[in-house]
Engineer: 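Input: one structure, supplied below.
Computed from heavy atoms alone, side chains included, the values below leave out hydrogens, waters and symmetry copies.
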Amino acid sequence: MRLSIAMITTNTILRPGVHLIEMKAPQLAQAVQPGQFCMVRCCHPQALDPLLRRPFFIHSVERSQGLCTLLVTVRGRGSAWLAQQQIGMHLDLFGPLGRGWQLPATVRNLLLIGEEAQMAALPMLVEVALRREMAVTLLSLSSSADEIYPPGLLPEEVEYHIVTEDLLAEAGEYLTWADAVCCSVSRETLAGLYWRYERMRKHNFAQGVLLQPLACGSGVCLTCSVETRTGQQLVCRDGPIFAARKIIW
Ligand SMILES: Cc1cc2nc3c(=O)[nH]c(=O)nc-3n(C[C@H](O)[C@H](O)[C@H](O)COP(=O)(O)OP(=O)(O)OC[C@H]3O[C@@H](n4cnc5c(N)ncnc54)[C@H](O)[C@@H]3O)c2cc1C
């Protein structure tokens with residue numbers, strides 16, 4: 001975990017309000033694991049507003065070239081500033097941070113479930129799983145056809161399904177096929193899957209992302225504390241990925 005300065009190499013608008021920002025960040029690219037994030041200073045170097053850094057997953061990485069991408073959905077001031085930054089501009093980063101996805105070597109069939117803005121936590125995991133010769137299926141939950149995660153950003157080997165309604169019903173047959181599932185969805189969707197399918201409650205089967213606004217991102221301020229079945233945990237340090245069985249719904 002370290003501070004670094006990254007240089008933006010491309011900023012692609014995927015659709016209004018959603019940007020894929022590629023940056024040269026060699027130290028981050030070497031160290032980051034799937035599901036980890038960095039805290040980005042979202043203002044001019046001499047400015048102080050917004051004061052707090054904002055958390056973003058490392059969406060993908062090209063370790064040999066020292067490149068990382070962020071998938072930024074504009075929500076408020078910080079993400080709007082970040083989305084406006086152009087090629088050649090510098091970003092002040094702190095990371096990688098957090099505990100990412102855990103992928104046991106025994107997994108052969110990996111199911112990923114993602115939801116709109118939270119899709120950013122999954123593509124790096126796809127790369128690692130394919131390198132380990134796992135079969136990977138990705139279900140992407142989208143409220144409308146305009147908001148789907150672009151299939152062109154995924155390797156061809158991934159089986160990619162877009163679900164625009166009733167994910168809970170659709171997920172059943174894929175969960176039967178999978179021997180592990182990684183869910184980057186809202187807490188509500190994760191809870192729905194957890195209670196509907198007994199398989200989701202199996203030991204070492206399901207993991208999910210818990211997101212909430214973070215202040216320090218590094219386990220110091222304790223403001224992102226959540227109650228789990230094994231006691232108080234911090235979203236930024238012990239997560240943001242948790243075993244689904246650990247979460248108190
Ligand atoms: C570990 C982690 C990883 C993240 N990765 C990504 C990513 O890869 N791409 C991405 O686009 N976003 C990601 N986010 C969300 C992103 O950090 C927030 O959208 C951003 O901090 C908002 O800052 P802002 O200044 O734009 O908006 P603000 O003005 O701070 O907030 C705008 C609105 O968004 C709400 N909000 C802020 N953060 C969150 C959150 N985490 N969850 C739900 N609502 C929130 C606020 O309560 C407010 O209503 C991540 C969040 C976390 C905790």
Engineer: For the pair Tyr197 (side chain) and Gly172 (backbone), establish whether a donor and an acceptor sit closer than 3.5 Å, ignoring hydrogens and angles.
Structural biologist: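 Such a contact is found between Tyr197 side chain and Gly172 backbone.
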
Engineer: Looking at CD of Glu62 and SG of Cys68, how far apart are the two atoms once the value is rounded to the nearest 0.5 Å?
Structural biologist: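 Rounded to the nearest 0.5 Å, the CD-SG separation comes to 10.0 Å.
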
Engineer: Could you tabulate the donor-acceptor pairs under 3.5 Å formed by side-chain atoms of residues 71-78, not counting sequence neighbours?
Structural biologist:
from	atom 1	to	atom 2	distance (Å)
Arg77	NH1	Asp49	OD1	2.6
Arg77	NH1	Asp49	OD2	3.1

Engineer: Backbone N or O of Asp92 within a donor-acceptor pair of the Arg53 side chain at under 3.5 Å?
Structural biologist: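 Checking the backbone N and O of Asp92 against the side chain of Arg53, a donor-acceptor pair under 3.5 Å is found.
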
Engineer: Any donor and acceptor pair, going by atom type alone, linking the side chain of Asn11 with main-chain N or O of Gln85 inside 3.5 Å?
Structural biologist: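 Yes, Asn11 side chain to Gln85 backbone: donor-acceptor pair under 3.5 Å.
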
Engineer: So, Ser60 and Glu127: side-chain donor and acceptor under 3.5 Å apart, yes or no?
Structural biologist: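 Ser60 vs Glu127: no donor-acceptor pair found between side chains.
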
Engineer: Between Thr69 and Ile58, is there a side-chain heavy-atom distance shorter than 4.5 Å?
Structural biologist: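 They are not in side-chain contact.
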
Engineer: Taking the side chain as every heavy atom from C-beta outward, state whether Gln232 and Leu222 have any atom pair closer than 4.5 Å.
Structural biologist: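 With C-beta onward as the side chain, the pair stays apart.
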
Engineer: Taking it one step at a time, do His161 and Leu138 satisfy side chain to side chain contact (heavy atoms under 4.5 Å, CB included)?
Structural biologist: CA-CA 6 Å; His161 297 277; Leu138 170 58; over 6 Å; no

Engineer: CE of Met89 to CD of Gln84: how many Å apart, nearest 0.5 Å?
Structural biologist: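 Rounded to the nearest 0.5 Å, the CE-CD separation comes out at 9.5 Å.
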
Engineer: Which heavy atom of Cys236 sits nearest to which heavy atom of Ser218, and what is that distance?
Structural biologist: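 That closest heavy-atom pairing would be SG-N, 3.7 Å.
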
Engineer: Please check if the side chain of Lys24 supplies one atom and the backbone of Gln65 the other of a donor-acceptor pair under 3.5 Å.
Structural biologist: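 A pair under 3.5 Å: yes.
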
Engineer: Taking all non-hydrogen atoms of both residues, which atom of Tyr194 and which atom of Ala244 are closest, and how far apart?
Structural biologist: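 The pair with the smallest heavy-atom distance is CE1-O, 3.6 Å.
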
Engineer: Is Gln212 close to Val226 at the side-chain level, that is, under 4.5 Å between some pair of heavy atoms?
Structural biologist: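 With C-beta onward as the side chain, the pair touches.
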
Engineer: Atom OG1 in Thr10, atom CE in Met23: separation rounded to 0.5 Å?
Structural biologist: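 Output value for this atom pair is 10.5 Å.
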
Engineer: Whether the Ser142 and Ser140 side chains hold a donor-acceptor pair (N or O, under 3.5 Å, no angle test) is what I'd like checked.
Structural biologist: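 Ser142 vs Ser140: no donor-acceptor pair found between side chains.
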
Engineer: So does Gly98 get a backbone contact from the side chain of Gln36, meaning a donor-acceptor N/O pair under 3.5 Å?
Structural biologist: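 Judged by distance alone, yes, a pair lies under 3.5 Å.
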
Engineer: Step through the shown structure and confirm whether more than 12 heavy atoms of other residues, nucleotides or ligands are within 6.0 Å of CD1 on Ile13.
Structural biologist: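 Not more than 12 within 6.0 Å, no.
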
Engineer: Determine whether Ile21 and Val61 fall in the same hydrophobic cluster, where Ile, Leu, Val, Met, Phe, Trp and Tyr are linked whenever their side-chain heavy atoms lie under 4.5 Å apart.
Structural biologist: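 Per the 4.5 Å side-chain linkage, Ile21 and Val61 are co-clustered.
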
Engineer: Could you give the distance from CZ (Arg41) to CG (Leu52), rounded to the nearest 0.5 Å?
Structural biologist: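 Atom-to-atom, Arg41:CZ and Leu52:CG are 10.5 Å apart.
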
Engineer: Would you say the side-chain atoms of Arg63 pair up with the backbone N or O of Gln30, donor to acceptor, closer than 3.5 Å?
Structural biologist: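 Indeed, once roles are kept as given, a pair shorter than 3.5 Å links the two residues.
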
Engineer: Look at the side chain of Ser184 and the backbone N and O of Ala121, then say whether any donor-acceptor pair between them is shorter than 3.5 Å.
Structural biologist: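 Checked: no pair found.
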
Engineer: Can you tell me how the ring of Tyr149 sits relative to the ring of Tyr160, calling it parallel under 30°, perpendicular over 60° and tilted otherwise?
Structural biologist: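 Perpendicular.
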
Engineer: Is there a donor-acceptor contact under 3.5 Å from the side chain of Gln207 to the main chain of Gln102?
Structural biologist: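 It does hold such a pair.
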
Engineer: For side chain to side chain contact (heavy atoms under 4.5 Å, CB included), just list the numbers for Arg229 and Arg245, CA-CA rounded to whole Å, side-chain angles, deciding distance to a tenth of an Å, and then say yes or no.
Structural biologist: CA-CA 8 Å; Arg229 288 185 202 281; Arg245 275 165 59 101; 5.7 Å; no

Engineer: Is it true that the NZ or CZ of Arg199 lies under 6.0 Å from the centre of Phe205's six-membered ring and within 45 degrees of the ring axis?
Structural biologist: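 The answer is yes, since Arg199 meets both limits relative to Phe205.
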
Engineer: With side chain to side chain contact (heavy atoms under 4.5 Å, CB included) as the criterion, how do Trp195 and Met200 come out once you've worked through the C-alpha distance, each side chain's angles and the decisive distance to 0.1 Å?
Structural biologist: CA-CA 8 Å; Trp195 291 119; Met200 288 288 296; over 6 Å; no

Engineer: I'd like to know if the side chain of Ser4 pairs up with that of Gln27 as donor and acceptor (distance under 3.5 Å, no hydrogens or angles considered).
Structural biologist: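 No, because no side-chain N or O of Ser4 sits under 3.5 Å from a partner of the opposite role on Gln27.
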
Engineer: Give the cluster check for Leu122 versus Phe57: same hydrophobic cluster or not, with ILVMFWY residues linked at side-chain heavy-atom distances below 4.5 Å.
Structural biologist: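 In one cluster with Leu122: Phe57, yes.
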
Engineer: So which atom in Ile248 and which in Arg187 form the shortest heavy-atom distance, rounded to 0.1 Å?
Structural biologist: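 Shortest heavy-atom contact: O-NH2, 2.9 Å.
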
Engineer: Does some side-chain heavy atom of Ile247 sit less than 4.5 Å from a side-chain heavy atom of Leu210?
Structural biologist: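 In short, these two side chains touch, coming nearer than 4.5 Å.
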
Engineer: Is there a side-chain contact between Leu139 and Tyr174 in this structure, where contact means two heavy atoms from C-beta onward sitting under 4.5 Å apart?
Structural biologist: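 They are in side-chain contact.
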
Engineer: Check whether any side-chain heavy atom of Phe37 lies under 4.5 Å from a side-chain heavy atom of Pro96, and answer yes or no.
Structural biologist: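 No, their side chains stay 4.5 Å or more apart.
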
Engineer: Do Trp81 and Leu14 sit in the same hydrophobic cluster, where Ile, Leu, Val, Met, Phe, Trp and Tyr count as joined when their side-chain heavy atoms come under 4.5 Å apart?
Structural biologist: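 Hydrophobic grouping puts Trp81 apart from Leu14.
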
Engineer: Quick one: are Pro123 and Leu153 in side-chain contact, heavy atoms under 4.5 Å?
Structural biologist: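 Result no, sub-4.5 Å side-chain heavy-atom pair not found.
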
Engineer: Taking Thr228 for its side chain and Thr230 for its backbone only, find out whether a donor-acceptor pair lies under 3.5 Å.
Structural biologist: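 It does hold such a pair.
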
Engineer: If you measure from SG on Cys221 to CG on Leu214, what distance do you get to the nearest 0.5 Å?
Structural biologist: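 Answer for the SG-CG pair, Cys221 versus Leu214, is 8.0 Å.
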
Engineer: What verdict does the side chain to side chain contact (heavy atoms under 4.5 Å, CB included) test give for His19 and Thr12, after you've listed the backbone C-alpha separation in whole Å, the side-chain angles of each residue and the deciding distance to 0.1 Å?
Structural biologist: CA-CA 6 Å; His19 291 236; Thr12 311; over 6 Å; no

Engineer: Is there a donor-acceptor contact under 3.5 Å linking the side chains of Glu115 and Thr189?
Structural biologist: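 Result is yes, a qualifying pair exists.
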
Engineer: Do Leu93 and Arg2 come close enough that some side-chain heavy atom pair is under 4.5 Å?
Structural biologist: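 No, their side chains stay 4.5 Å or more apart.
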
Engineer: Side chains of Gln233 and Lys246 only: does a donor on one sit below 3.5 Å from an acceptor on the other?
Structural biologist: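 Side chains of Gln233 and Lys246: pair found under 3.5 Å.
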
Engineer: When Cys38 is tested against each of Val32, Leu97, Leu70 for side chain to side chain contact (heavy atoms under 4.5 Å, CB included), which residue passes?
Structural biologist: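 That would be Leu70.
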
Engineer: Could you list the donor-acceptor pairs under 3.5 angstrom formed between side-chain atoms of residues 104-114 and any protein atom two or more places apart in sequence or on another chain?
Structural biologist:
from	atom 1	to	atom 2	distance (Å)
Arg108	NH2	Arg132	O	3.1
Arg108	NH2	Glu133	O	2.9
Asn109	ND2	Trp177	O	3.3

Engineer: Using the side chain to side chain contact (heavy atoms under 4.5 Å, CB included) definition, which of the options Ile241, Val185, Val235, Leu190 pairs with Val209?
Structural biologist: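 Considering Ile241, Val185, Val235, Leu190, a side chain to side chain contact (heavy atoms under 4.5 Å, CB included) with Val209 is found only for Ile241.
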
Engineer: Going hydrophobic residue to hydrophobic residue with side-chain gaps under 4.5 angstrom, can you get from Val181 over to Trp249?
Structural biologist: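 Yes, one cluster joins them.
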
Engineer: Of all the heavy-atom pairs spanning Leu193 and Cys183, show the shortest one and how long it is.
Structural biologist: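 The answer is CD1-SG, 4.3 Å.
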
Engineer: Can you tell me how far the CD1 atom of Ile5 sits from the CG atom of Leu91, to the nearest 0.5 Å?
Structural biologist: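 Going from CD1 on Ile5 over to CG on Leu91, the span is 8.5 Å.
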
Engineer: Could you see if Leu234 belongs to whatever hydrophobic cluster contains Leu211? Use Ile, Leu, Val, Met, Phe, Trp, Tyr and a side-chain cutoff under 4.5 Å.
Structural biologist: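 Shared cluster, no.
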
